[in-house]
Amino acid sequence: MKKKIQFSLVYRDMWQSSGKFQPRKDQLERIAPVIIDMGCFARVETNGGAFEQVNLLAGENPNAAVRAFCKPFNEAGIKTHMLDRGLNALRMYPVPDDVRALQYKVKHAQGVDIPRIFCGLNDTRNIIPSIKWALEAGMTPQATLCITTSPVHTVEYYSAIADEVIAAGALEICLKDMAGIGQPALLGALTKSIKTKHPDVIIQYHGHSGPGLSMASILEVCNNGGDIIDTAIEPLSWGKVHPDIISVQSMLKNEGFDVPDINMNAYMKARSLTQEFIDDWLGYFINPGNKHMSSLLLGCGLPGGMMGSMMADLAGIHSVINKTLKAKGQPELSTDDMLVRLFDEVAYVWPRVGYPPLVTPFSQYVKNIALMNLLTIAQGKGRFVMMDDSMWGMILGKSGRIPGEICQELKDLAAKQGREFTDADPHTLIPNALDDFRKEMDENGWEYGPDDEELYELAMHPEQYRNYKSGQAKKNFLADLQKAKDAKMGSKLTPEQLSAFKHAKADAMVAPVKGQVYWEFNGDGECAPTVEPFIGKEYNEGDVFCYIQAPWGEIVQIDAALGGKLVEINARQGSKVQKGDVLAYIERPHAE
């Protein structure tokens, strides 16, 4: 028999790769003992990444959820692990050193054993400080290699990074194949290279199912010395998520590996509970497209978990581009036309911005540059016209060292705009912040919480935490949930029932993202700065209501829901709004 292979259940990532929210604390407490009863998992991913942010958005305390979910696994001897974005910690933008250092003390106290530390650029300067802080807090640091396929991402490239982080104290290595586009042969060769030099270092493989390579990659990793494989369970396995534990266990068992058996009664109960959570409320925020695999992902290299948000972004740009084309007398584009153009544009942009691995937040930056390029190309302005500071920050090196070469066109554009490239250590550019957050806690009379976990939460997610404490987050969430339920219910009604439903109440038009409000675009696709709707204006179902230009450049189209009469405007033309703000109210007449 071949070596022993262990399995990890990525319960957090299952949800994040499927939809917007995570299960509530009470739901996590219900399913934890069932996961333990399955008897096949040596590890469970309990939190990290978007987990805490989306809990705050739902008006829930993430600290209580992490403690409650970790406790039964700690007691059963099952290791818990979390996703940690290195320089960005648990959010999308850089975090000060003192907040990052506090994170490991808090998470260890809450019952998390292993932080999976990654940098989207594989810049070890963003990983090594976290290794040090994790060790000091008593955690087991797992350093991560973000896997992609490009001319610069070779076995030698990754092996050198592994050597450096292991020398810095990493006890484990994760091969994070976030888009599932890592080629099996490369992953096998890389595993062998690391194991040959560092036989005692544990290697864990994390691969998404989207493009269809993950099962072959798992086999190559295991045959070359891998130790632990990330898996999922139904009804969220496969699609853009992860391979199912049943299939992975069967494949490796028949290959001769020593793998644990699965308690199928417990599996079916966990499956049923997960479906119950979906039916209860989480399913209202799951994009059905994320249940499907797509070979198209191989061409663009974008993570499968991004597909839902990407399609929403594309819809807004699509309508603006078609309006521009129509004004020029040119044929409009179908959704499929736009999708192919976007994938092609990502393939064009990616090498020119230096082949950053397409993982959060750099996958979003590259996708956003491509989206904006499609718009400005249609307007006849060319490429790289609409790029915000975040996109430029990646290109200029403020987030870390780009693995490839920035194209000359962007270098020239940066010089023209007075932008400077930097090779400074990214974390040295961010001042410490905990003292300011302590002051805010004190002024508000807020408790720091056990092990300073509430202080940490404010410092990590300031905007979301303040909304959580004020109760606004819960109100916004309940409004979003009701809107989602109403939309689903309306789709099931007969035409007569639907007519009555449409006229049941007025709609609050809520901003889905933060940004700047524009009520109309000129024919050439430019924002019309003086146009504003009038009170009493009538809208039909599906009419464009307004647009929001997000800070990173995306133009998000807001539809007029089920139509009606505009009775109140809360956001003026050009005003800046936060996600969840009410833009206006549309009142529909009562059914006769």
By side chain to side chain donor-acceptor pair (under 3.5 Å), which residues pair with [X], not counting sequence neighbours?
X: E457; result: N63
X: Q330; result: none
X: D480; result: none
X: Q578; result: none

Taking the basic N atoms (NZ, or NE/NH1/NH2) and the acidic carboxylate oxygens, is any pair closer than 4.0 Å for [X] and [Y]?
X: E164; Y: R125; answer: no
X: D436; Y: K439; answer: no
X: R341; Y: D336; answer: no
X: E60; Y: K474; answer: yes
X: R401; Y: D423; answer: yes

Atom [atom1] of [X] and atom [atom2] of [Y]: how far apart are they, to the nearest 0.5 Å?
X: E345; Y: K367; atom1: CD; atom2: NZ; result: 14.0 Å
X: M391; Y: Y365; atom1: CE; atom2: OH; result: 9.0 Å
X: R91; Y: E463; atom1: CZ; atom2: CD; result: 11.0 Å

Taking all heavy atoms of G120 and all of F118, pick out the closest pair and write down the distance.
->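 Heavy-atom minimum between the residues: N-CD1, 3.8 Å.
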
Return yes when atom [atom1] of [X] has more than 12 non-hydrogen atoms of other residues, nucleotides or ligands closer than 6.0 Å, and no otherwise.
X: K469; atom1: NZ; answer: yes
X: K514; atom1: NZ; answer: no
X: K411; atom1: NZ; answer: yes

Short side-chain donor-acceptor distance under 3.5 Å, Q472 and N476 |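 A donor-acceptor contact under 3.5 Å links the two side chains.
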
Contacts of type ring pair (Phe, Tyr, Trp, His ring centres under 6.0 Å), residue F477, not counting sequence neighbours |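 If we apply the ring pair (Phe, Tyr, Trp, His ring centres under 6.0 Å) test to F477, skipping adjacent residues, the hits are F21, W281.
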
Please tabulate, one pair per line, all N/O donor-acceptor pairs under 3.5 Å involving side-chain atoms of residues 174-184, not counting sequence neighbours.
unit_1 : atom_1 : unit_2 : atom_2 : d
D177   : OD1    : G180   : N      : 3.3
D177   : OD1    : I181   : N      : 3.2
D177   : OD1    : G182   : N      : 3.0
D177   : OD2    : G182   : N      : 3.3
D177   : OD2    : Y205   : OH     : 2.9

Which is it for Q204 and Q142 under the side-chain hydrogen bond (donor to acceptor under 3.5 Å, both in side chains) test, yes or no, and what are the steps along the way?
-> CA-CA 9 Å; Q204 187 163 347; Q142 184 183 85; 3.0 Å; yes

